[in-house]
A.B. asks: 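Quick one: structure below, then a few questions.
Residues take their numbers from the sequence shown, with the count starting at 1. Keep in mind it's a predicted model, so treat the numbers as computed, not measured. Only heavy atoms go into these numbers, but all of them, side chains included; no hydrogens, no water, no symmetry mates.
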Amino acid sequence: MLLESCKDHRRKSGIVVATLLGLLLVGIGLTGAALGRSEAHTPAAAGVASPALQRPAAKAVQLKQRRRREARHQPHTAVRATISLYEHTVRRTTLRVQGCSAAKRRVGGIVILDFGQPAYNGHTYGTFLFSGRFAGNKAITRAMFAYAAGYRYCLARHSKLRIMLARGTSNYRPHLPSVYKAGRKWARETMKLAHRLRTHRLDAHVSSAAADDVEPTWDRPFHRTRDFFRGYRDARIGHPLYNYGSLDGGVGSIWNARQFFFVTSGMRNAQSIPEIYNHAMAREWAELAHIARHRYHRPLRFAGVMTTHTSRNHGMKPRDAHRTLVHALALRIGAAAPDVPATLTNIRSAD
């Protein structure tokens, strides 16, 4: 009897203790729920940042958007420059080695082979090479085909690299029977190279174009430069004619805006690969682009930039030149500045 009473007492005591613990837990739960409700109604928990937190977030979004806009005008990869050459020969074995060397660098883009100033030997049109020797137009075309063949032969089997191979000359003292005729013949040889590339199935990796190193100081009256460009245009071949020259002090220094615009973008098929060797040259091109937009209501057609950097002259490097030109255009024109493709070429002597 006494034993049973002790059990009952212990049982009742346990019930009391359990009841008290249950009440304590319920109280804790209610307190937590109340705290949760109060937190749920705070601005942060509701997904609404306080004004103090909103300002830095808005600034971060604006900065990100601005950087995206700027990125559209910048190279998206670490592009490498092609090597353009001042040619001393039209020997096909030499040009084939040059093309092979270009392929081994695994670089695509625009390659200009500069064969020197326009010339006439009494029988045929051509150029004076940088060695001083005369080369006829047909010999130049054969040499360029050898370069293209060397490039294709030395590419990896499934490579998708391409180059635009441009036959280059200049407007330096073109003492010719007809500069206009020289321009037409330059265009026709450009087309002949394109046909030959297709015939030999090299056109998947090499395209044909023309180029002219246009410097105002070499033709102050502008007439001979204009005649060469008109001759090229009237051949109606449809291939680009790249102007890879300079502005020599800018608009009005030697040539006026209309003359500059004609040989940089105004004439059909004319495009610009400006020499950008320093910041001043970039500002000159930016000013010309500004004038073209507001006076002629047309943008300059840029195809890339050219440099002449070597380890000896410590000139501006290709990617730096591209950034410098893009920056100068943005400062002068703003968001409406013309695009400059990240097509880079660095010209040097072929030796």
A.B. asks: Would you please say whether a donor-acceptor pair under 3.5 Å links the side chains of Ser272 and Asn243?
C.D. replies: no
A.B. asks: Sequence neighbours left out, what pairs pass disulfide (SG to SG under 2.5 Å) with at least one residue falling in residues 144-248?
C.D. replies: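 Non-adjacent pairs meeting disulfide (SG to SG under 2.5 Å): Cys100-Cys154.
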A.B. asks: Under 4.5 Å between side-chain heavy atoms, counting indirect links through other Ile/Leu/Val/Met/Phe/Trp/Tyr residues: same cluster for Phe115 and Val179 or not?
C.D. replies: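 Per the 4.5 Å side-chain linkage, Phe115 and Val179 are co-clustered.
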A.B. asks: Quiz question: by atom type and distance under 3.5 Å, do the side chains of His88 and Ser349 form a donor-acceptor pair?
C.D. replies: yes
A.B. asks: Table please: side-chain donor-acceptor pairs of residues 258-266 below 3.5 Å, with sequence neighbours left out.
C.D. replies:
{"residue": "Gln259", "atom": "OE1", "partner": "Asn256", "partner atom": "N", "Å": "2.9"}
{"residue": "Thr264", "atom": "OG1", "partner": "Phe260", "partner atom": "O", "Å": "2.8"}
{"residue": "Thr264", "atom": "OG1", "partner": "Phe261", "partner atom": "O", "Å": "3.3"}
{"residue": "Ser265", "atom": "OG", "partner": "Arg301", "partner atom": "N", "Å": "2.6"}

A.B. asks: Would you please say whether a donor-acceptor pair under 3.5 Å links the side chains of Thr217 and Asp248?
C.D. replies: yes
A.B. asks: Any side-chain donor paired with an acceptor under 3.5 Å for His205 and Arg162?
C.D. replies: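 On atom types as modelled, these side chains do not qualify, holding no pair under 3.5 Å.
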A.B. asks: Filter on disulfide (SG to SG under 2.5 Å), then keep only pairs touching residues 282-351, sequence neighbours left out; what's left?
C.D. replies: none
A.B. asks: List the residues meeting side chain to side chain donor-acceptor pair (under 3.5 Å) with Thr225, not counting sequence neighbours, and say none if there are none.
C.D. replies: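 Testing Thr225 for side chain to side chain donor-acceptor pair (under 3.5 Å), a comparison that skips the adjacent residues, returns Asn171, Asp219.
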A.B. asks: Would you list the atom pairs, donor with acceptor, under 3.5 Å between side chains in residues 105-113 and any protein atom, with sequence neighbours excluded?
C.D. replies:
{"residue": "Arg105", "atom": "NH1", "partner": "Ala81", "partner atom": "O", "Å": "3.1"}
{"residue": "Arg105", "atom": "NH2", "partner": "Ala81", "partner atom": "O", "Å": "3.3"}

A.B. asks: Which residue pairs satisfy the disulfide (SG to SG under 2.5 Å) criterion with at least one member in residues 191-278, sequence neighbours excluded?
C.D. replies: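 Sorted result for residues 191-278: empty, none.
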A.B. asks: Verify the distance criterion only: is there a donor paired with an acceptor across the side chains of Glu215 and Ser246 at less than 3.5 Å?
C.D. replies: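 Present: a donor and an acceptor within the cut-off.
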A.B. asks: How close do Met164 and Ser207 get, heavy atom to heavy atom, and via which atoms?
C.D. replies: SD-CB, 3.5 Å
A.B. asks: Can a salt bridge be assigned to the pair Arg323 and Asp320 using a cut-off of 4.0 Å between side-chain N and carboxylate O?
C.D. replies: yes
A.B. asks: Residues two or more places apart in sequence or in another chain: which of them pass side chain to side chain contact (heavy atoms under 4.5 Å, CB included) with Tyr120?
C.D. replies: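 Per chain and number, Tyr120 pairs via side chain to side chain contact (heavy atoms under 4.5 Å, CB included) with Tyr125, Leu176, Pro177.
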A.B. asks: If the condition is side chain to side chain donor-acceptor pair (under 3.5 Å), which residues does Thr141 pass it with, not counting sequence neighbours?
C.D. replies: Arg167, Glu189
A.B. asks: Rounded to the nearest 0.5 Å, what's the gap from CZ on Arg226 to NE2 on His223? Could you check?
C.D. replies: 6.0 Å
A.B. asks: Are Ile333 and Val340 linked, directly or through other ILVMFWY residues, by side chains that come within less than 4.5 angstrom of each other?
C.D. replies: yes
A.B. asks: Sort and list the pairs that fulfil disulfide (SG to SG under 2.5 Å) and have at least one residue in residues 190-298, not counting sequence neighbours.
C.D. replies: none
A.B. asks: Side-chain donor-acceptor pairs under 3.5 Å in residues 274-281, sequence neighbours left out?
C.D. replies:
{"residue": "Asn278", "atom": "OD1", "partner": "Ala280", "partner atom": "N", "Å": "3.2"}
{"residue": "Asn278", "atom": "OD1", "partner": "Met281", "partner atom": "N", "Å": "2.9"}

A.B. asks: Judged by modelled atom types alone, do His195 and Arg198 share a side-chain donor-acceptor pair under 3.5 Å?
C.D. replies: yes
A.B. asks: Can Phe228 be reached from Val214 by stepping across I, L, V, M, F, W or Y side chains whose heavy atoms are under 4.5 Å apart?
C.D. replies: yes
A.B. asks: Here's a test for you: under side-chain hydrogen bond (donor to acceptor under 3.5 Å, both in side chains), which of Asp213, Thr345, Asp114 qualifies with Tyr244?
C.D. replies: Asp114
A.B. asks: What pairs of residues pass the ring pair (Phe, Tyr, Trp, His ring centres under 6.0 Å) test when at least one of them lies in residues 161-183, not counting sequence neighbours?
C.D. replies: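 Listed once each, the pairs are Tyr172-Trp218.
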A.B. asks: Per the ring pair (Phe, Tyr, Trp, His ring centres under 6.0 Å) rule, what does the pair list look like for residues 332-351, sequence neighbours excluded?
C.D. replies: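 Those involving residues 332-351 do not exist here.
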